[in-house]
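Below, read A as the first sequence line, B as the second, and so on, with proteins coming before strands; counting in each chain starts at 1.
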Amino acid sequence: MSQQFGKGCHLHLIDGSAFIFRAYHALPPLTRKSDGLPIGAVSGFVNMLQRYIEGNTGPDAATHVAVIFDKGSHTFRNDMYDQYKANRDAMPEDLRPQMPLTREATRAFNIACEEIEGFEADDIIATLSHQARDAGGRVTIVSSDKDLMQLVGGGVEMLDPMKNKRIDDEGVHEKFGVGPNRVVDVQALAGDSVDNVPGAPGIGIKTAALLINEYGDLESLLDRASEIKQPKRRQTLIDHRAQIELSKRLVQLDCEMELPFDLDSLEIKDPDSETLLAFLGEMEFRTVLKRIADRMGVEAPVIADAAPVEIDTPDAVPFDAEKYECVSDITALQTWIDRIYARGYVAVDTETTSLNEMRAQLVGISLCVTPGEACYIPLTHKGGKADDLFGNDDLADGQMGFEDCLNLLTPMLQDPSIVKIGQNMKYDTKIFANLGITVAPIDDTMLMSYAMHGGMHNHGMDLLSEKYLSHTPIPIKPLLGTGKSAITFDRVPVADAVPYAAEDADITLRLWQMFKPKLHTVGVTTVYETLERPLVPVLAQMERNGIKVDRDTLSRMSNAFSQKMASLEADIHEKAGRSFNVGSPKQLGEILFDEMSLPGGKKGKTGAYSTGADILEDLATEHEMPGLVLDWRQLSKLKSTYTDALQDHINADTGRVHTSYSIAGANTGRLASTDPNLQNIPIRSEEGRRIREAFVAGEGKVLVSLDYSQIELRILAHIAGIDALKQAFKDGQDIHAMTASEMFDVPMDEMTPDIRRQAKAINFGVIYGISGFGLARNLRIPRGEAQGFIDRYFERFPGIRAYMDETVQFAKDHGYVQTLFGRKIHTPEINAKGPGAGFAKRGAINAPIQGTAADVIRRAMVRMPEAIADLPAKMLLQVHDELIFEVDEAAADDLITIARDIMENASDPAVKLDVKLAVDAGRGKNWAEAH
DNA sequence: ACGCTCACG
DNA sequence: GACGTACGTGAGCGTA
């Protein structure tokens, strides 16, 4: 078989580094499912090698081949010129571990793999090219690197693997304007910014080629430089002769290296199927493994643990409800499970009886593995007939057994090698968790959209489908009806449910296929992977934990509020001179400003008098009635929103209140709490604060609250680089007092509460994008005076002004602003005219600060479950800068130590804050005590 | 369905 | 020069 390299032989030399970098940048940062090892570049590299091998036929096919790599970063060129390639970025962190794997991949394909310390791959390629050419063979250099063009000629050609275009003498001429033998001369003059080769200043490839063609070669040109007519060009060449000659030595490839191998050793060999398949299996490259195994005619070994996520281009398969399948028996379901395993991922959607996950019963499941092909598995649809007023509680026909279905699906849902894709997966994972099924790993199209499009629009499925798939989903309203006559999904006939439910999975899969690669393009992969995706199981668990709420406490408070309100109402009516609905702002406004003729009646845009708290407070200094109304309103609020409504949210089974957090609701990255909102439980007023006494710890347990101290001001100090603020935090000073001292020239030991209060308002105002008007209204001082404060503040902390200006400018230039962790918040209104511009500006100033704080606590939350796994503790609630836990009394101190450590260091290692984060802790039998 | 008011960070 | 403004949320109520 073996033949001496010579005439009739054809050597292919592949530029390995170029392959790697192209693979790295072309693909999203894939990771090996089993252990998270980054393997995107390896995957792309393997695919490129495979494609190369498959295409290696015909007249240009190789008889000998080698992949050549760079080894180390220091070469003999650095000894000549220490700035050589000095402007190269450091290798990305996630690429570094992939380098040895690309060598392994090459060897697995049984292709020669060569690298030599101190030399660039290009030198090895040069030497081999010359050897092969001198032996009378052909050479093809698989690379598009122009530095290699000097080697072309005499049977040596290049092949641009991207364009699949061969480059010969003529191609080199096109690129450099000279033949291959003069390429280094042109490069020596033109320099190269990529490799940091200096060349001659002001001379590019065009001019260089012109000069070389005129004078023959570089040496003649430099010797005869004085003959050049253009004075500037002449002077440049004379002045920079040494630099140009150095440049030539830098670009000149070494074609006479001593190589520890010969051409014959590069002869093409068939890969050993066992070695190759073992390598691909180890990398968990399911798809390419299968393809290569098929090609080799052997059976693909089963990848035990996981499969990589493969990215299909979303082809334009039309939506077709007719094609959706209703799965009603085990055989059909097994077929779907087989398809899912062949794919490695599946879009999942659940249909239930309620939007409240804690109460919802599973009604059916939809699956989709490829666009246009989806199924619905109805499980507990009722067989109600239209003429039966109360419906028929018997199960409808044509449904497989609930247990049978789950027994079959559960291994897949829990299989770490199968990605379960959903739109708002927190909902579906909770539904499955209720049945004892832990769905993982997951991907979430809603959160992908949130990471990419935050601030542009919301992220509901209907909108995403409309906007990104140009498809209007089947509406749910006609199926369920509205208002009192609405039915639950289990009452929807199976025939109607199939197209609706299956379509949701179909849409989700298509969105996923579109979004997955786009995450990388938009530059939010890290945001999605560290701040969104891992939060889903954490929040799901917190919500399922719930917090114990004591109904009796609430009920007693409710009664007390009722009595006080009744008495206040009587007083108010008496002062008003007649009876009216105190809860009606419209009636109240008419009483106050028309009938009682109090001053300050201002009508809003709807024509109604404004009766907000600030207006009533102003009136209260002159008259008694507005103050009474304020008291009544406070009680009314506490009663209706808290003591009454909260009781309705106590879950009958758990005796606890289970809120739901929206991860993609707030534009800044904050969470939002709904049903009920547990992020706005009263605390500022004494009466309101007592509501927190109803939030209690279980028997033998305590509630622990940990909250970040002044996190937004600390972040502001860091982002805007305010040394005085940083120092104050470092010294543990009272930050508002310090601000007051700086602004009003009051020594710290003479600080009065009132001056401090004003400084505090200014500090907050800064975070919100301060305006004279806003501060004036907040502090109830004249606008001019407020503006004076602001001017003084900016004078004292000029960095703040600079931060604000820069942030607004950034928003105008880019259409978004960013947090320290890379979360993008889009600001579509920033260039608007009119009052909208003011809102957008202040929003842009506030978003990086509020958003960074939100990112910080998200990071803490993601790390928390593992950190406290060994403690008898549960994380229950998040209130923006506060986390609330329930823990066995004896372990409370340990919990505080551990959780505080996680919270205070949450920004590490991604962001090194100049200001340390501080966390205050409290504990008690109820939330009022703990805070 | 919408605006007002008010609870929180 | 006037305009209208603090940032981010959710819920309950009255009014249309």
Side-chain angles (χ1 to χ4, degrees), chain A residues 454-455 482 580-589 602-616 629-630 632-646 648-649 659-662 665-685 687-689 691-692 707-713 716 761-779 783 786 790 804 817 825 833-851 853-854 857 877-882 927 931:
Chain A
T482 51
F580 70 102
N581 183 352
V582 184
S584 162
K586 183 167 177 277
Q587 292 179 34
L588 176 66
K602 257 186 255 154
K603 294 195 177 179
K605 48 193 158 198
T606 50
Y609 287 116
S610 182
T611 66
D614 47 348
I615 306 260
L616 296 189
V629 173
L630 282 171
W632 183 92
R633 276 200 184 155
Q634 187 194 12
L635 296 176
S636 164
K637 177 79 174 183
L638 294 178
K639 178 168 153 53
S640 67
T641 309
Y642 299 104
T643 55
D644 288 351
L646 223 38
D648 299 335
H649 281 286
T659 184
S660 178
Y661 290 101
S662 22
N667 285 335
T668 53
R670 274 194 178 179
L671 302 178
S673 163
T674 60
D675 309 303
N677 182 355
L678 294 186
Q679 291 181 322
N680 71 344
I681 303 302
I683 191 170
R684 292 173 187 169
S685 76
E687 295 93 324
R689 188 190 174 86
I691 289 176
R692 295 188 173 218
D707 68 293
Y708 284 107
S709 163
Q710 308 285 8
I711 187 170
E712 292 192 353
L713 277 175
L716 173 71
I762 297 167
N763 275 334
F764 278 105
V766 164
I767 292 171
Y768 297 151
I770 200 158
S771 75
F773 184 93
L775 184 64
R777 205 179 60 166
N778 191 275
L779 284 177
R783 192 169 164 179
I790 294 170
M804 291 182 162
V817 291
I825 297 118
K833 298 265 181 282
F839 283 108
K841 255 167 104 167
R842 293 189 296 272
I845 290 166
N846 174 259
I849 304 169
Q850 187 180 115
I857 198 166
L877 300 177
Q878 188 250 42
V879 192
H880 308 309
D881 64 357
E882 174 188 16
W927 195 0
H931 189 85

Integer-rounded Å distance: [N] [atom2] and [X] [atom1]:
X: Asn680(A); N: dC7(C); atom1: CG; atom2: P; result: 19 Å
X: Gln587(A); N: dT15(C); atom1: CD; atom2: P; result: 5 Å
X: Arg783(A); N: dA2(C); atom1: CZ; atom2: P; result: 11 Å
X: Glu712(A); N: dG9(B); atom1: CD; atom2: C1'; result: 7 Å
X: Tyr661(A); N: dC8(B); atom1: OH; atom2: C1'; result: 12 Å
X: Lys841(A); N: dC3(C); atom1: NZ; atom2: P; result: 18 Å
X: Ile615(A); N: dT5(B); atom1: CD1; atom2: C1'; result: 12 Å
X: Asn677(A); N: dC6(B); atom1: CG; atom2: C1'; result: 12 Å

Across all strands, who's sitting opposite [N] as a Watson-Crick or G-U wobble pair, both distances under 3.5 Å?
N: dA16(C); result: none
N: dA11(C); result: dT5(B)
N: dT5(C); result: none

Please report the distance separating the [atom1] of [N] from the corresponding atom of [M], rounded so that it comes out in whole Å.
N: dC8(B); M: dG4(C); atom1: C1'; result: 26 Å
N: dG3(B); M: dT5(C); atom1: P; result: 14 Å
N: dC3(C); M: dA7(B); atom1: C1'; result: 30 Å

**Request:** Verify, without hydrogens or angle tests, whether Arg842(A) (side chain) and Ile770(A) (backbone) share a donor-acceptor contact under 3.5 angstrom.
**Result:** no
Taking the minimum atom-to-atom distance to the side chain of [X], which one of [options] wins?
X: Leu630(A); options: dG9(B), dC6(B), dG10(C); value: dC6(B)
X: Gln634(A); options: dA7(B), dG12(C), dG8(C); value: dA7(B)
X: Tyr768(A); options: dA11(C), dA7(B), dA6(C); value: dA6(C)
X: Ser584(A); options: dG14(C), dA6(C), dG8(C); value: dG14(C)
X: Asp881(A); options: dG9(B), dT15(C), dA6(C); value: dG9(B)
X: Ala613(A); options: dA7(B), dC6(B), dC7(C); value: dC6(B)
X: Thr611(A); options: dT5(B), dT15(C), dT9(C); value: dT5(B)
X: Ala666(A); options: dG9(B), dC4(B), dG8(C); value: dG8(C)
X: Arg670(A); options: dC8(B), dG10(C), dG8(C); value: dG8(C)
X: Thr641(A); options: dG10(C), dG8(C), dG12(C); value: dG12(C)

**Request:** Using only heavy-atom distances, decide whether a donor-acceptor pair under 3.5 angstrom links the side-chain of Arg842(A) to the base of dT5(C).
**Result:**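 Present.
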**Asked** What about Arg777(A), does its side chain sit under 3.5 Å from the base of dG4(C) through a donor-acceptor pair?
**Response** no
**Prompt:** Should Gln878(A) and Gln679(A) be marked as a side-chain contact (heavy atoms from CB on, under 4.5 Å) after you check the CA-CA gap, both sets of side-chain angles, and the distance that decides it?
**Reply:** CA-CA 7 Å; Gln878(A) 188 250 42; Gln679(A) 291 181 322; 3.0 Å; yes
If you look at every strand shown and take non-hydrogen atoms under 4.0 Å, does [X] touch a base, only sugar-phosphate, or nothing?
X: Ser636(A); result: nothing
X: Gly769(A); result: nothing
X: Ala761(A); result: base
X: Asp675(A); result: sugar-phosphate
X: Ile770(A); result: base
X: Ile683(A); result: sugar-phosphate
X: Phe839(A); result: sugar-phosphate
X: Ala645(A); result: sugar-phosphate
X: Gly765(A); result: base
X: Ala854(A); result: nothing

**Prompt:** If you measure from CD on Gln710(A) to CG on Asp881(A), what distance do you get to the nearest 0.5 Å?
**Reply:** 9.5 Å
**Asked** Does Asn581(A) have a side-chain nitrogen or oxygen under 4.0 Å from the phosphate oxygens OP1 or OP2 of dG14(C)?
**Response** yes
**Message:** On the nucleotide dA7(B), are OP1 or OP2 found under 4.0 Å from the side-chain N or O atoms that Arg684(A) carries?
**Reply:**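 False: Arg684(A) side-chain N/O out of range (4.0 Å or more) of dA7(B) OP1/OP2.
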**Message:** Regarding Arg670(A) and Glu712(A), does a basic nitrogen lie under 4.0 Å from an acidic carboxylate oxygen?
**Reply:**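 The answer is yes: the pair qualifies as a salt bridge.
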**Prompt:** What pair of heavy atoms forms the shortest contact from Gly772(A) to Ala786(A), and how long is it?
**Reply:**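 Reported closest heavy-atom pair: O-CB, 3.5 Å.
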**Request:** Verify whether one side chain among Arg777(A) and Ser771(A) offers a donor that lies under 3.5 Å from an acceptor in the other.
**Result:** no
**Request:** Determine whether the side chains of Glu882(A) and His931(A) contain a donor N or O and an acceptor N or O closer than 3.5 Å.
**Result:**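 Yes, side-chain donor-acceptor contact under 3.5 Å.
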**Asked** Checking side-chain contact (heavy atoms from CB on, under 4.5 Å) against Gln850(A), which of Ile711(A), Ile845(A), Thr668(A) comes through?
**Response**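 Considering Ile711(A), Ile845(A), Thr668(A), a side-chain contact (heavy atoms from CB on, under 4.5 Å) with Gln850(A) is found only for Thr668(A).
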